[in-house]
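Written out below as structure tokens is the structure these notes cover.
Hydrogens, waters and symmetry mates play no part in the numbers below; they use all other heavy atoms, side chains included.
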Amino acid sequence: ERTRSIPRAGWMVIARKEFGDHLLSSRFIVLLLILGLAVGIPIFLATEQITSIASEVSGIPALFIALFIAGAQDVSILQLDLTVASFIGLVAPLLGLAFMFDAINGERSQGTLPRLLSQPIHRDDVINGKFAAGLAVISLVLITVCGIVAAFGILRLGIVPAPYEVLRLLIWILTTIVYVGLWLAFGLLLSVVFRRAATSALVGFGAWLVLTVFGQFLARFVLAFLVPVSSALSEENLQAASTQSTILRLLPT
């Protein structure tokens with residue numbers, strides 16, 4: 001019986017190596033600090049509001065979820081409320097792009113790609129392994145940050161989550177990981193298509209800028225012509241406002 005010369009799980013070998021390299025890289029430390037600040041600033045600014053909520057309306061449903069959606073009043077950045085959820089929605093795509101924009105073309109420019117492909121593995125194992133490692137690192141960061149926020153609410157404010165609140169939080173984390181995975185795959189695609197890392201980074205961050213920063217503004221501008229809403233109270237205006245709200249929910253942010 002002939003033996004298989006190519007390992008069945010070659011992508012796992014690549015993933016383990018890339019995962020270790022990511023954890024020891026300065027890029028991981030910088031991105032961890034950025035995401036930590038993105039979560040710490042809303043919590044710091046909303047501490048007084050959250051404390052008043054915890055002391056005045058203790059016992060109401062979904063109080064634990066308020067840790068992630070409560071923010072500083074009258075403060076917003078890039079048309080987003082200053083909350084933990086909105087900040088992660090804004091910064092999470094950057095994590096995916098930052099880890100993958102030079103995944104393949106970086107190996108090509110350093111001259112290590114031919115040496116890597118000379119090993120007994122498939123070419124798609126390299127791509128799948130790099131994707132799995134990047135998604136694992138970002139998932140680790142997101143789970144850690146959300147765990148810190150949850151621990152802050154439990155230990156500092158004394159808010160004990162109900163089982164359904166924990167389930168809601170887990171579903172939100174999984175959805176966020178899938179969302180980051182889309183940007184991770186997009187950055188990996190750019191690293192394959194473009195030979196220069198600078199070009200793939202420019203295209204990737206430009207797409208993030210258009211969709212995240214200017215997406216809501218452009219969508220509202222187009223909807224103002226397609227589905228106009230006036231100040232009059234009527235059934236047509238209510239339906240138009242509902243249509244605008246539904247379309248705006250399709251935006252990544």
Side-chain angles (χ1 to χ4, degrees), residues 3-36 38 87-145 173-215 251-253:
T3 59
R4 179 182 170 89
S5 60
I6 300 177
R8 296 183 181 275
W11 67 270
M12 296 182 63
V13 179
I14 301 294
R16 284 195 296 266
K17 179 63 169 62
E18 291 289 326
F19 184 79
D21 292 342
H22 285 323
L23 291 181
L24 298 177
S25 65
S26 58
R27 180 185 305 181
F28 172 75
I29 303 299
V30 171
L31 295 178
L32 182 61
L33 292 176
I34 292 176
L35 192 59
F87 256 60
I88 289 182
L90 181 68
V91 177
L94 290 178
L95 298 178
L97 291 174
F99 273 99
M100 284 294 119
F101 77 91
D102 61 344
I104 302 300
N105 49 27
E107 298 274 3
R108 183 186 291 116
S109 63
Q110 296 173 7
T112 56
L113 187 60
R115 185 182 308 171
L116 181 62
L117 294 177
S118 66
Q119 305 301 317
I121 58 175
H122 292 290
R123 288 176 295 178
D124 56 346
D125 285 337
V126 177
I127 296 178
N128 294 335
K130 287 180 176 292
F131 176 81
L135 190 62
V137 170
I138 295 176
S139 301
L140 178 63
V141 173
L142 290 175
I143 293 173
T144 301
V145 169
I173 293 175
L174 290 176
T175 305
T176 305
I177 291 174
V178 172
Y179 175 54
V180 173
L182 295 176
W183 287 93
L184 200 71
F186 179 60
L188 186 58
L189 174 65
L190 294 178
S191 71
V192 174
V193 173
F194 298 105
R195 298 185 63 88
R196 294 181 178 273
T199 306
S200 60
L202 183 63
V203 174
F205 291 117
W208 169 84
L209 193 67
V210 171
L211 290 177
T212 304
V213 179
F214 299 109
L251 292 175
T253 52

How many angstroms lie between CH2 in Trp183 and CG in Leu189, if you round to the nearest 0.5 Å?
12.5 Å
Under a 4.5 Å cut-off applied to non-hydrogen side-chain atoms, are Asn105 and Asp102 in contact?
yes
Hey, are the side chains of Phe186 and Leu97 touching, using non-hydrogen atoms and a 4.5 Å cut-off?
yes
So do Asp125 and Val13 actually touch side chain to side chain, heavy atoms under 4.5 Å?
no
Where do Ser200 and Phe101 come nearest, in terms of heavy atoms and distance?
OG-O, 2.7 Å
Heavy atoms, side chains only, cut-off 4.5 Å: are Phe194 and Leu202 in contact?
no
Sub-4.5 Å side-chain heavy-atom contact between Val193 and Val203:
no
Asp124 side, atom CG; Ile14 side, atom CD1 - distance, nearest 0.5 Å:
11.0 Å
Compare every heavy atom of Ala133 with every heavy atom of Ala15, then report the nearest pair and how far apart it is.
O-CB, 3.5 Å
Of Leu184, Ile138, Leu135, Leu95, the one forming a side-chain contact (heavy atoms from CB on, under 4.5 Å) with Met100 is Leu184
For Leu188 and Ala103, work out which heavy atoms get closest and say how close.
CD1-CB, 3.7 Å
For Glu107, the option from Lys130, Arg123, Arg115 that meets salt bridge (Lys or Arg N to Asp or Glu O under 4.0 Å):
Lys130
Are any non-hydrogen side-chain atoms of Phe205 and Leu94 less than 4.5 angstrom apart?
yes
